[in-house]
Amino acid sequence: MAEASKERPAVPAAGEAPSRLARAARTDRQLLARSSITLFSRGFSKFAQVFFLVIAARLLSVDEFATYSYLIVLASAFTIMSDTGVPLVAGRDASAGRASIGRLFWSALPIVMASALVAAMLLVIFGAIDSGPGTTTAPVLITALFVIFNRFFDLICQLLRGEGRFELEAGLQSANAILFIGGSVVVIAAGYGVTAVIAVFCLKELVCCIAGWVAIRDDLRRAAAEAGRRLTGDWRGLVNIGVRLSLAGIALALAMRVPLAVLGNTGTSEELALFSAAQRFGDGAYVLAITGGFALVPGIAYLERTEPQRARSLLRRVLIAVVAGSAAVGAAFMPLGEPVMRGLFGAPFADGADLFRITMAGLPACTALAMCWYGVVAFDGERRLLKVGIGSLVVSVALSVALIPAFGDDGAAWSYVGALYAGAFLSVLALRRHLARTRLEAEA
């Protein structure tokens with residue numbers, strides 16, 4: 001029992017679980033329906049970003065579009081770099097009733113802001129020395145501000161979901177996307193150019209930050225009034241958890257990119273283009289699976305405290321259902337490799353049909369990995385995920401070195417899918433072991 005307690009952040013003892021979440025979790029069907037709100041809103045937000053690329057390509061000049069694309073890539077890269085995993089853990093602990101969202105906000109804020117500021121400064125330094133399109137002072141500074149606002153917004157959204165306010169969080173995510181598309185189209189039509197688009201990209205994040213802060217400000221003031229100066233020490237217990245989650249996530253992300261990097265250094269440009277196009281389908285499925293697993297965290301974390309057996313049963317049934325569903329989807333699309341690649345990417349990419357079929361074979365692994373990853377987090381087992389990330393990376397490197405020089409893009413596709421199955425196996429093992437341990441502890 002003493003060892004298990006080390007996995008918990010140093011926040012106050014458990015209090016009352018959020019009443020909104022308790023109402024949402026009355027039945028499994030109701031909980032899944034409320035969790036699906038997150039899936040749809042986040043899916044809409046990501047679709048909106050892709051949709052705007054089409055709009056931007058038509059409204060901006062080629063040079064402006066290149067600048068916009070480059071700056072967005074920088075924003076994405078440095079935002080990911082600044083993700084400590086602490087907001088996710090804070091939201092989970094709110095769901096489990098370990099502390100109020102106000103207390104958790106003040107505990108997590110120093111870590112979130114410190115990581116955001118470091119990432120923003122590194123982005124500015126990078127922009128000053130690189131030679132990418134559009135990296136002049138104003139756009140780079142605006143992009144750096146986006147990184148800071150985005151980290152703050154993510155913390156608020158995680159806490160809103162942790163409290164069971166799924167509709168409000170989904171509304172903020174959807175409004176974020178709508179503000180970006182609408183504002184960007186307006187400034188482009190007015191002739192203000194790409195810098196104004198980046199400004200809209202930043203300002204819509206600030207607007208949503210303010211709206212989210214207004215929604216929880218009473219909780220923040222109450223926590224500050226009750227705890228006073230004692231709030232300053234609460235963040236330390238979250239650091240170790242954040243470091244483990246961050247390192248695990250980085251290792252897993254690298255595992256999925258190693259085949260592309262090895263192929264880029266050993267294969268032809270055509271092989272790289274074909275594999276990169278086919279990989280988009282695997283990455284898209286993985287993002288969707290991640291969003292689904294992420295959406296379940298508040299409900300599973302709440303049930304883990306109140307009805308642990310029900311939490312385990314629900315997670316098991318959802319995992320089996322979505323893995324079986326993804327296997328069926330992959331099997332259905334395998335025969336369509338040639339028309340799908342040709343239709344989406346053009347006639348030259350029809351030769352990538354075999355790569356598409358290999359990628360489709362990895363869909364069950366995508367789903368199992370993502371769902372088990374967030375299942376482990378929901379059950380406070382995040383310390384086990386570092387082994388999953390590192391193990392996946394080792395397998396990815398070994399397969400890439402062994403297969404790609406000999407088999408080219410086919411070897412890259414099998415290395416990518418092999419890394420996914422390694423991660424899926426390790427994550428299922430981690431989840432089973434952690435659930436078995438929590439069951440034994442509950443019975444002791």
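Because only heavy atoms are used, hydrogens play no part in the values below, and waters and symmetry mates are left out as well, while side chains stay in.
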Engineer: With a 3.5 Å cut-off and sequence neighbours excluded, list the donor-acceptor pairs that the side chains of residues 275-283 form with protein atoms.
Structural biologist:
from: Ser276; atom 1: OG; to: Arg280; atom 2: NH1; distance (Å): 3.0
from: Gln279; atom 1: NE2; to: Met256; atom 2: O; distance (Å): 3.0
from: Arg280; atom 1: NH1; to: Ser276; atom 2: O; distance (Å): 2.8
from: Arg280; atom 1: NH2; to: Asp283; atom 2: OD2; distance (Å): 2.8
from: Asp283; atom 1: OD1; to: Tyr416; atom 2: OH; distance (Å): 2.7
from: Asp283; atom 1: OD2; to: Arg257; atom 2: NH1; distance (Å): 3.4
from: Asp283; atom 1: OD2; to: Arg257; atom 2: NH2; distance (Å): 2.9

Engineer: Main chain of Thr38, side chain of Ser41: is a donor-acceptor contact present, judged purely on distance under 3.5 Å?
Structural biologist: yes
Engineer: Between CG of Asp409 and CG of Leu260, what distance do you get to the nearest 0.5 Å?
Structural biologist: 11.5 Å
Engineer: Who pairs with Phe153 by ring-ring contact (aromatic ring centres under 6.0 Å, His included), at least two apart in sequence or on another chain?
Structural biologist: none
Engineer: Just wondering, do Leu263 and Pro259 contact through their side chains at under 4.5 Å, heavy atoms?
Structural biologist: no
Engineer: With a 4.5 Å cut-off on side-chain heavy atoms, are Leu429 and Val388 touching?
Structural biologist: no
Engineer: Which heavy atom of Leu123 sits nearest a heavy atom of Thr143, and at what distance?
Structural biologist: CD1-CG2, 3.9 Å
Engineer: Less than 4.5 Å apart, side chain to side chain, heavy atoms only: is that true for Leu393 and Leu252?
Structural biologist: no
Engineer: If I take atom CG from residue Leu385 and atom NE2 from residue His434, how far apart are they, to the nearest 0.5 angstrom?
Structural biologist: 9.5 Å
Engineer: Any chance you could lay out the salt bridge (Lys or Arg N to Asp or Glu O under 4.0 Å) test for Asp83 and Arg151, step after step, and finish with the verdict?
Structural biologist: CA-CA 7 Å; Asp83 185 6; Arg151 289 294 95 207; 3.4 Å; yes
Engineer: Measuring from Ile390:CD1 to Leu247:CG, what's the distance to the nearest 0.5 Å?
Structural biologist: 7.5 Å
Engineer: Judged by atom type as modelled, is there a donor-acceptor pair below 3.5 Å linking the side chain of Ser45 to the main-chain atoms of Ser174?
Structural biologist: no
Engineer: Between Ser326 and Thr367, do the side chains contain an N or O donor and an N or O acceptor separated by less than 3.5 Å?
Structural biologist: yes
Engineer: Test your reading of the model: is there a side-chain donor-acceptor pair from Arg34 to the backbone of Arg165, 3.5 Å cut-off?
Structural biologist: no
Engineer: Would you say that Trp213 contacts Ile156 through its side chain, given a criterion of any heavy-atom pair below 4.5 Å between the two side chains?
Structural biologist: yes
Engineer: Would Leu88 and Glu382 count as a side chain to side chain contact (heavy atoms under 4.5 Å, CB included) if you check the C-alpha gap in whole Å, the side-chain angles of each, and the deciding distance to 0.1 Å?
Structural biologist: CA-CA 11 Å; Leu88 175 63; Glu382 57 277 342; over 6 Å; no
Engineer: With no hydrogens and no angle check, is any side-chain donor or acceptor of Trp414 less than 3.5 Å from a backbone partner on Ile358?
Structural biologist: no
Engineer: Given side chains that start at C-beta, do those of Arg437 and Arg384 come closer than 4.5 Å, heavy atoms only?
Structural biologist: yes
Engineer: Taking Arg92 for the side chain and Val377 for the main chain, is one N or O donor matched with an acceptor at less than 3.5 Å?
Structural biologist: yes
Engineer: To the nearest 0.5 Å, how far apart are CG in Asp154 and SG in Cys209?
Structural biologist: 10.0 Å
Engineer: Let me know which of Leu71, Ile72, Thr79 forms a side chain to side chain contact (heavy atoms under 4.5 Å, CB included) with Phe146.
Structural biologist: Thr79
Engineer: Once you round to the nearest 0.5 Å, how far does CG of Leu245 lie from CD1 of Ile250?
Structural biologist: 11.0 Å
Engineer: Is there a side chain to side chain contact (heavy atoms under 4.5 Å, CB included) between Leu32 and Leu314 once you walk through the steps?
Structural biologist: CA-CA 10 Å; Leu32 291 174; Leu314 175 61; 4.2 Å; yes
Engineer: Check whether any side-chain N or O of Ser95 sits under 3.5 Å from a backbone N or O of Gly162 as a donor-acceptor pair, and report yes or no.
Structural biologist: yes
Engineer: Can you confirm whether Phe149 sits close enough to Cys202 that some side-chain heavy atom of one is under 4.5 Å from a side-chain heavy atom of the other?
Structural biologist: yes
Engineer: Between the main-chain N or O of Thr84 and the side-chain N or O of Ser246, is there a donor-acceptor pair closer than 3.5 Å?
Structural biologist: no
Engineer: Give a yes or no answer on whether the side chain of Arg161 reaches the backbone of Phe294 with a donor-acceptor pair at less than 3.5 Å.
Structural biologist: yes
Engineer: Output yes when Glu169 and Arg42 qualify as a salt bridge under the 4.0 Å nitrogen-oxygen rule, no when they do not.
Structural biologist: yes
Engineer: Determine whether Arg26 and Gln30 make a side-chain contact, defined as any pair of heavy atoms from C-beta on separated by less than 4.5 Å.
Structural biologist: yes
Engineer: Could you grab the distance from atom CG of Leu435 to atom CD of Glu304, nearest 0.5 Å is fine?
Structural biologist: 9.5 Å
Engineer: Do Ser100 and Arg103 come close enough that some side-chain heavy atom pair is under 4.5 Å?
Structural biologist: yes
Engineer: Step by step, would you call Arg312 with Glu307 a salt bridge (Lys or Arg N to Asp or Glu O under 4.0 Å)?
Structural biologist: CA-CA 9 Å; Arg312 288 190 287 268; Glu307 301 178 71; over 6 Å; no
Engineer: Determine, step by step, whether Asp380 and Arg98 satisfy the salt bridge (Lys or Arg N to Asp or Glu O under 4.0 Å) criterion, reporting the C-alpha distance in whole Å, the side-chain angles of both residues, the deciding distance to 0.1 Å, and the verdict.
Structural biologist: CA-CA 12 Å; Asp380 299 343; Arg98 298 193 183 111; 2.4 Å; yes
Engineer: Within the side chain of Ser36, is there an N or O that forms a donor-acceptor pair under 3.5 Å with the backbone of Ala33?
Structural biologist: yes
Engineer: Would you call the rings of Phe152 and Phe105 parallel, tilted or perpendicular, taking 30° and 60° as the class edges?
Structural biologist: perpendicular
